[in-house]
A.B. asks: 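The structure under discussion is supplied below as structure tokens; questions concerning it will follow.
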Amino acid sequence: MTGQAVTDPYVRFASVQKSYDGEILVVKDLNLDIERGEFLTMLGPSGSGKTTCLMMLAGFEPATHGEIYLDQVPINNVAPHKRDIGMVFQNYALFPHMTVAENLRFPLQVRNMDKNEQESRVKRALDMVELGAFGGRRPAQLSGGQQQRVAVARALVFDPKLVLMDEPLGALDKQLREQMQYEIKHIHENLGVTVVYVTHDQSEALTMSNRIAVFNDGVIQQLAPPDALYEAPENAFVAQFIGENNTLTGKVSAVNGSTCTAETESGAITALAVNIGGVGSPTTMSLRPERVTVNPPEGQCPNLFDAHVKELIYLGDHVRTRMSVCGNDDFIVKIPNAAGHVHLSPGDDVKVGWQAEDCRALDMPA
Amino acid sequence: MAQAEITGDTMRTADGVPLKLALERALFRSRLRAVMLVLPLFAFLLVTFVLPIFDMLFRSVEDQIVADILPRTVVAIEAWDETSGDLPGEPVFEAIVKDMAEGRKNKTLGRVARRLNYEVSGAASLFRKSGRKAPKITQGPYREKLLKIDKRWKNLDLWNLIKREKGDFTASFFLAAADMQYQPDGSIGMRPENRQIYVHLFGRTLWLSGLITVLCLLLAYPVSYLLATLPLRSGNLLMILVLLPFWTSLLVRTTSWIALLQTQGVINSFLVGIGLIDDGDRLQLIHNQFGTIVAMTHILLPFMILPLYSVMKTIPPSYMRAARSLGATPFTAFVKVYMPNTVAGVGAGGILVFILAIGYYITPALVGGRTGTLISNFIASFISGSTQNWGLAAALGVMLLAIVLALYFLYDKIVGIDNMKLG
Ligand SMILES: Nc1ncnc2c1ncn2[C@@H]1O[C@H](COP(=O)(O)OP(=O)(O)O)[C@@H](O)[C@H]1O
Ligand SMILES: [Mg+2]
């Protein structure tokens, strides 16, 4: 369940639990190995415990149970300022009374670094984020994107081996956010630091990460590289959280090897058996909208059902079509705007079909 | 549509009205409404705040009593040469006898007597005594008869004073407030050492206010920090404890300090009780400077806590965390990151407490004794006490105002008023 096994993990959460009030576990039995130089993203809805995990790693919140290792050393009892972990906060937490250069110099000063060394490092860090001319400004005199870069530069200027980022791009507008995603990604690649990144934005996670840990309700639902997460979600939560998905519910009626058959109101669906109980147990089947074919040629799809077109939304590169299929009124099909594609209009009755391996039979979400 | 078009070189709307004029008209109504809304408040401020200040400024230099009540004397004394060393001549004495008789009839003589007594002691009783007999002197020689009534009419200082103060304005109140006076030769000099009070008193007021401000800051800083960082519920409880004194009468708070600190009070009795001090030498904790400092620090503390709290509340906890993650020890993070961000609150609280302290009256009056009273207590005594002297009270008040304004100006230069945050 944890993706590839990691040998010699740089960061290791071993059975970590966390409760703030002694009643509710905010993090439930977290086991996570993070590789040296990896870009690992914790992705999950708000309140799922991502920040808490990051705070425990940074040392601002004690773990209620379990141990966290940094480079094989248990760090539960190491004070935050001795951990040498760079951190980028959601609202940047730049010190408003210091100039940009003073902000960058701060971690070097508290380390009593040589003055010349301080200057050259500050300069290098500013150049890295292309803010060389802004050293003398106050953070308040910078735009949101520039502040963001300063925050990143400050978290890196003292050469930490591990950098934590808690929704660092949350306050930026969409365009700037996408640009910063690439910049942070490039910095990570150039410096080779280990990054633990927190976000609730799945496209951000998919763009930037080596591996993604999907959080829900204090539990890692799946830990996998972006493509695996998208292509092969292991449970209903991940399937719905990552990308768009059609869900069909049914009851398992037969299991044969890697596939299974599930009974629905409108007939039997053949699906890939990923995460199901025995015969008779309920299942959620998840199917990507782009994997559905409208009016497929005869005999090509094991699953072929009647569909009633309800709504069309023209999106340029594709037409989003809402249909009613197997009792699901929100069944979405993406019809690519390619040469010779089918032209539909609301009210049409068509056939839709899909392959068994594109339809993943998963657990029932709680 | 009213579209702006250019005709000649002025911009005009579609109907040909100059654009500026049209804009002016459109804004006039809303401006008028705004002015009408603030007018009552403005009038209120004018009557209760601006006018009293100007009245005080005026009273500190105004002095028409001598000219009003001794009109004949003032005219007659013009002819007298004060440098000659001789007494004024017969016409001056005739004038003052008639003025005294009239002043006695109008019951105004006491006022001029008191005014002259500020600077020449004994003048009051001299005028009272002579005033009684003046109506009986109906013919000359006036000088001889008056000198027979009282020898003190020979005092040249008195005549000098009358001649100097015959005008409508005077500098003597300000001179007195600065411990200065006119010398017999008319020049200005310091009062004799043993009669200097106000400069010393101003010094004491500034020093005690500064000390109280610093003490308030030292006490308020940790409390405000706790208030701003505690979880909501316990924070609110603490806030109530801080505000509780605000809801209690000032007088009650001050008198409870008396109950605590007096020689037979709680603290002394406790110390005697545990045998730390003898019953014979109980500590003098009140009716001195110590009492003033303790009680005023306590009473002014909330004025320091609230601005500090309101500033600290806006400092995100992530600043401290960021500093820690960057490698700063908790102490360094606090000093280098947290404290500089509270400067606005320190400035606001400091200037608030200092200005309140510098003009504080009730508490030092009740617990200050002889060594712990402040300038405002003297001002108050000159307004209502037996030594009524509104001119001197006004002059002291103006000087106090000037000191506060100067400090305010200094603060603006150093810290910047814009940086001040009161809540
Ligand atoms: N300091 C705290 N005290 C009490 N509860 C907290 C605290 N911080 C977070 N929580 C709770 O822990 C849960 C997880 O929060 P968090 O880790 O911030 O989630 P995320 O970052 O994924 O949005 C939430 O239910 C939140 O209310
Ligand atoms: Mg969070």
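Here is how names work: the chains are called A, B, and so on, in the same order as the sequence lines, proteins then strands, and each is numbered from 1.
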A.B. asks: Check this for me: Phe334(B), atom CZ, are more than 12 non-hydrogen atoms of other residues, nucleotides or ligands nearer than 6.0 Å?
C.D. replies: yes
A.B. asks: Answer yes or no: are there more than 12 heavy-atom neighbours, outside Asp173(A) itself, under 6.0 Å from its atom CG?
C.D. replies: yes
A.B. asks: Rounded to the nearest 0.5 Å, what separates atom CE in Met339(B) from atom NE2 in His97(A)?
C.D. replies: 10.5 Å
A.B. asks: Would the number of heavy atoms belonging to other residues, nucleotides or ligands and lying under 6.0 Å from OH of Tyr361(B) be above 12?
C.D. replies: no
A.B. asks: Of the backbone (N, CA, C, O) and the side chain (C-beta and beyond), which part of Leu94(A) lies under 4.5 Å from a heavy atom of chain B, both, or neither?
C.D. replies: backbone
A.B. asks: With a 4.5 angstrom heavy-atom cut-off, could you sort out which part of Thr332(B) is near chain A: side chain, backbone, both or neither?
C.D. replies: side chain
A.B. asks: Measuring from Arg324(B):CZ to Met87(A):CE, what's the distance to the nearest 0.5 Å?
C.D. replies: 13.0 Å
A.B. asks: Under 3.5 Å, is there a donor-acceptor pair between the side chain of His81(A) and the main chain of Ala323(B)?
C.D. replies: no
A.B. asks: Minimum heavy-atom separation for Tyr319(B) and Phe95(A), please, with both atom names.
C.D. replies: O-CE2, 3.4 Å
A.B. asks: Contact between Tyr92(A) and Ser318(B) at the side-chain level, heavy atoms closer than 4.5 Å - yes or no?
C.D. replies: no
A.B. asks: Return the minimal non-hydrogen interatomic distance between Phe158(A) and Ser325(B), and the atom names on each side.
C.D. replies: CZ-O, 3.8 Å
A.B. asks: Looking at side-chain heavy atoms only, is the closest gap between Phe89(A) and Pro316(B) below 4.5 Å?
C.D. replies: no
A.B. asks: Can you confirm whether more than 12 heavy atoms, excluding those of Phe409(B), are under 6.0 Å from its CZ atom?
C.D. replies: no
A.B. asks: Among the options Arg83(A), Lys82(A), Arg154(A), Met98(A), pick out the one with the most heavy-atom pairs lying under 4.5 Å from chain B.
C.D. replies: Arg154(A)
A.B. asks: Are the charged groups of Arg321(B) and Glu61(A) less than 4.0 angstrom apart, N to O?
C.D. replies: yes
A.B. asks: Spell out, as yes or no, whether a donor-acceptor pair under 3.5 Å connects the side chain of Arg111(A) to the backbone of Leu326(B).
C.D. replies: yes
A.B. asks: Against chain B, label Phe60(A) side chain, backbone, both or neither, depending on which of its atoms sit under 4.5 Å from a heavy atom there.
C.D. replies: both
A.B. asks: With a 6.0 Å cut-off (strictly less than), is the heavy-atom count around NZ of Lys185(A), excluding the residue itself, greater than 12?
C.D. replies: yes
